[in-house]
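Below is one structure; the comments refer to it alone.
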Amino acid sequence: MAVLSVSQALNMALREEMGRDDRVFMIGEDIKDSTYGVTRGLWDEFGPKRVIGTPISEIAIAGAVLGAASVGMRPVAEFMYMTFMMCAMDQVVNQAAKSKYMFGGKAVLPIVYRTMAGAGRANAAQHTQSLEAWFAHVPGLKIVMPSTAYDAKGLLKTSIRDDNPVIFIENKVQYATTKDEVPDTDYTVPFGVASVRRTGKDVTIIGLQRMVEIALEAADHLAEEGIEAEVIDPRTIVPLDLDTIIKSVKKTHRVVIVHEAHERVGFGAELVAQIVQHAFDYLDAPPARVANPNVPTPFNRILENLSIPSAAQVAQAVRGLMR
Amino acid sequence: MVTVSPSQHSVASGSGAASPSLDRHGLSDSQLIDMYRTMLRIRRFEDRVKELFLEARLYGSVHLYIGEEGVATGACSALRAGDVISSTHRGHGHCIAMGLELAPMMAELMGKATGYNHGKGGSMHIASLDHGMLGANGIVGAGIPISTGAALGFWVTGRPNVALCFFGDGAANEGAFHEGINFAAGLKLPVVFICENNGYAQFQSVQQDTPIPDIATRSISYGIPGVIVEGSDILAMFGAVRTAVDRARAGEGPTLIEAKTYRFEGHFLGDPEPYRTREEVAHARATRDPLKVFSAQLQELGVATTDDLARIDRQVRDEVERSVEFGEASPEPSEDILLTDIYTGADSHGRTL
């Protein structure tokens with residue numbers, strides 16, 4: 001089995017799904033030449049009517065996929081940076097997310113909005129945001145956040161086959177640096193099924209996307225101190241596999257949540273609320289969050305690194321719960 | 001009808017009194033009568049909606065199309081099976097012109113279970129994909145990228161259909177207008193953009209909002225034809241849209257048609273209309289009523305007599321009354337549907353069923 005990067009795995013998923021279903025097409029800015037390599041080679045293979053480069057017009061992209069889905073297509077839109085989606089929020093939030101419900105159930109809207117979040121490439125504040133909580137707040141959207149190349153492929157295929165608008169979030173650092181075994185077979189990864197990436201009995205660490213790697217690194221350090229952490233990757237936050245999380249917390253009695261989004265009203269707040277509601281009596285310590293401080297992401301490398309959770313911070317948060 | 005060309009940066013406004021043409025564009029007597037009936041169905045439906053609203057038998061936000069019937073009817077008469085439209089918050093006329101039935105429309109306005117949207121949408125969100133009606137829309141300008149996307153779907157698959165996009169003069173100042181038309185023009189997508197310039201964006205006049213006399217002039221920026229039509233002249237409207245639709249279907253790309261029209265009623269039901277005079281409205285009703293214009297044309301063409309038209313009016317009034325009875329007799333939606341149809345194939349949490 002080949003070891004692939006996340007961007008290679010995503011590329012494989014797109015190629016397979018476009019080959020499998022003529023209704024699937026891609027649309028976005030610079031996707032022919034592919035800034036981060038995800039769509040590389042697909043224009044040559046499928047041509048300009050299946051890989052459609054657009055003007056720098058996020059409203060047009062976001063609305064066009066909705067219109068195309070309305071007439072039976074299964075489009076995949078790319079927003080190069082998640083921050084650019086802010087230019088298209090009406091089409092995503094007021095239109096795509098709500099149409100099915102508003103129309104009394106008639107619309108079937110298989111749309112994938114691919115986008116890229118996370119910090120770590122010195123892109124500064126307007127190209128560095130993790131806004132999954134914004135979209136998770138809106139009924140009608142599904143939110144997918146893979147943390148491995150294997151999951152990236154399987155979840156993207158599931159997203160393309162899903163009959164709903166899906167926000168598919170990719171992490172800009174993981175494109176090249178996260179590599180694992182990816183079969184070239186036609187497999188999918190289901191929505192709403194968390195992955196237990198490491199088992200442990202002392203504390204549950206829930207990480208989103210690249211923060212799963214940080215959580216695993218922290219777990220290694222903690223193991224040297226005799227603390228066995230269980231690391232959970234929800235993989236999709238809408239739908240959320242709450243059962244796996246609650247089961248783990250009932251076993252470990254402690255939980256730390258790690259994400260790259262700002263702490264205030266981040267998805268960690270929802271997770272804390274759900275855990276407190278469903279496992280209050282099992283908790284031996286208050287749930288803890290390790291998240292970006294409530295600050296725009298700075299440009300300077302040192303400052304940017306300070307604004308992202310580190311394994312040391314996660315380990316420290318766990319130690320705080322063990323006392 | 002005035003065509004805007006890149007060399008003609010200022011175009012005489014087509015607004016004011018209608019000067020109807022008598023070109024029937026090859027339409028048969030029965031097609032012309034159908035068009036009259038459609039306009040009348042819009043007018044009588046909305047007359048009744050207004051009464052019901054004032055009697056508190058309807059609620060919510062209701063935006064009437066009265067005075068603009070010639071635009072939707074003329075435009076949609078140029079479509080074929082499989083073509084689609086996107087609509088606006090002022091969408092009843094577009095729905096009826098696309099063949100939606102009055103009874104489930106009235107039921108939807110009443111929020112009833114038998115409405116097109118089972119009471120979940122109301123006046124501003126009626127949609128019927130089976131009729132090619134992709135949805136009324138509560139957000140100004142939002143239909144422009146959406147109908148462009150439907151045209152994109154036709155373009156990708158080679159399906160010989162066209163999307164018609166209705167929007168108002170207010171929408172022409174939204175970013176979605178620029179992005180949608182520019183993108184559609186670049187790929188020569190089969191979409192026709194119809195700006196219903198009714199003179200007012202909510203409470204503000206188009207003269208205050210827009211620094212050029214004719215929105216159709218903006219077509220020059222996108223390298224597509226721009227056409228100005230008097231919206232109360234349904235035959236002119238039909239002719240302009242059919243030309244644009246044929247062009248789109250032939251792969252030659254979009255057209256921007258500006259229909260100069262006038263909204264006889266307020267922005268919404270209950271609008272105190274502080275922004276215009278009664279005299280202005282009365283003048284428009286006297287000179288630019290598309291029903292009066294078409295009624296005279298049909299008689300002049302020898303297609304219908306006043307008796308014929310009166311008989312159609314009675315039939316339409318009966319149909320509207322039946323829609324009211326249907327709506328009022330229909331049940332409220334079951335409380336069970338509050339949390340259904342948020343997703344396809346998943347529960348309200350998005351969990352796969």
Side-chain angles (χ1 to χ4, degrees), chain A residues 22-23 25 27 48-50 52 54-73 75 87-88 90-91 94-110 139-143 158 162-165 190-192 236-242, chain B residues 84 86 108 115-122 124-130 134-135 137-139 141-159 161 163 174-176 178-184 186-187 337 340-352:
Chain A
D22 287 345
R23 297 170 299 175
F25 71 89
I27 180 170
K49 285 203 168 186
R50 300 285 300 283
I52 302 164
T54 68
I56 300 176
S57 299
E58 287 81 11
I59 300 171
I61 296 167
V65 290
L66 170 54
S70 301
V71 297
M73 306 301 287
C87 300
D90 170 57
Q91 290 295 335
N94 291 330
Q95 310 296 332
K98 293 175 175 49
S99 290
K100 182 177 187 67
Y101 189 83
M102 287 192 306
F103 296 171
K106 281 188 294 270
V108 177
L109 300 169
L141 302 174
K142 296 185 179 182
I143 322 294
T158 302
D162 195 90
D163 281 335
N164 297 282
F191 289 173
T236 62
I237 60 171
V238 180
L240 178 68
D241 180 2
L242 195 59
Chain B
V84 300
S86 67
E108 186 58 36
Y116 271 111
N117 312 26
H118 311 308
K120 287 178 169 177
M124 278 195 288
H125 303 295
I126 297 179
S128 178
L129 303 186
D130 293 341
L134 300 185
N137 204 310
I139 305 295
I144 297 173
I146 295 171
S147 50
T148 293
L152 183 73
F154 300 150
W155 179 81
V156 170
T157 55
R159 198 174 123 182
N161 283 114
E174 288 275 10
H178 172 63
E179 291 198 17
I181 299 181
N182 181 65
F183 175 57
L187 290 180
I337 73 163
T340 65
D341 285 330
I342 301 166
Y343 296 95
T344 301
D347 68 12
S348 63
H349 301 283
R351 290 186 292 237
T352 306

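Since we're looking at a predicted model, the values are computed, not measured. Chain naming here is simple, since letters A, B, ... match the order of the sequence lines and numbering starts at 1 in each.
The two atoms that bring A/Ala64 and B/Leu152 nearest to each other are CB-CD2, 4.3 Å, heavy atoms only. Of all non-hydrogen atoms in A/Pro239 and B/Gly350, the two that sit nearest each other are CG-O, 3.3 Å. The minimum heavy-atom distance between A/Met73 and B/Gly153, with the atom names listed, is CG-CA, 3.8 Å. Residues A/Phe103 and B/Gly135 come closest through the heavy atom pair CZ-CA, 3.9 Å. Here the shortest heavy-atom pairing between A/Gly104 and B/Lys120 reads CA-CD, 4.3 Å. Contact between B/Arg159 and A/Val71 at its shortest, heavy atoms only, is NH1-O, 3.6 Å.
For a residue to count as touching a neighbouring chain, one of its non-hydrogen atoms must lie under 4.5 Å from one of that chain's; by this rule B/Asn161 does not touch chain A. Proximity to chain B (any heavy atom under 4.5 Å) is shown, for A/Ile143, by neither the backbone nor the side chain. For B/Ala346, the part sitting under 4.5 Å from any heavy atom of chain A is the side chain, from C-beta outward, and nothing else. Within the 4.5 angstrom heavy-atom criterion, atoms from both the backbone and the side chain of B/His125 approach chain A. Proximity to chain B (any heavy atom under 4.5 Å) is restricted, for A/Ile52, to the side chain, taken from C-beta onward. If you measure heavy-atom distances from A/Pro48 to chain B, the contacts under 4.5 Å come from the backbone alone. If you measure heavy-atom distances from B/Thr340 to chain A, the contacts under 4.5 Å come from the backbone alone. Only the backbone of B/Ile337 comes within contact range of chain A, with heavy atoms under 4.5 Å apart. Contact annotation for A/Asp90: only side-chain heavy atoms (C-beta onward) come within less than 4.5 Å of a heavy atom of chain B. Using a 4.5 Å cut-off between heavy atoms, B/Asp130 makes no contact with chain A at all. Contacts of A/Ala69 with chain B are absent, with no heavy-atom separation under 4.5 Å from either backbone or side chain. With a 4.5 angstrom heavy-atom cutoff, A/Phe25 touches chain B only via side-chain atoms.
Annotation: maximal heavy-atom pairing with chain A below 4.5 Å, among B/Asn137, B/Leu129, B/Ile139, occurs at B/Ile139. Each of A/Leu141, A/Ile56, A/Leu240 has some count of heavy-atom pairs under 4.5 Å with chain B, and the biggest count is that of A/Leu141. Note: B/Ala142 leads B/Ala163, B/Ala142, B/Gly122 in heavy-atom pairs under 4.5 Å with chain A. If you tally non-hydrogen atom pairs under 4.5 Å between each of A/Gly140, A/Ala96, A/Pro139 and chain B, the highest count goes to A/Gly140.
A heavy-atom distance below 4.5 Å is found between the side chains of B/Trp155 and A/Lys49. Side chains of B/Asn182 and A/Pro55 form a contact here, defined as non-hydrogen atoms less than 4.5 Å apart. Side-chain contact between A/Lys106 and B/Asp341: absent, with no pair of heavy atoms (C-beta onward) separated by less than 4.5 Å.
With values rounded to the nearest 0.5 angstrom, A/Asn164 atom CG is found 10.5 Å from B/Ile342 atom CD1. Residue A/Ile59 holds its CD1 atom at 8.0 Å from CD of B/Glu174, rounded to the nearest 0.5 Å. Note that CG of B/Leu134 is 11.5 Å distant from CD of A/Gln95, once rounded to the nearest 0.5 Å. The structure places CZ of A/Arg23 at 11.5 Å from OG1 of B/Thr157, a figure rounded to the nearest 0.5 Å.
Put simply, the side chain of A/Tyr101 never gets that close to the backbone of B/Gly121: no donor and acceptor are under 3.5 Å apart.
The only member of A/Leu109, A/Val238, A/Asp163 that meets side chain to side chain contact (heavy atoms under 4.5 Å, CB included) when paired with B/Tyr343 is A/Val238.
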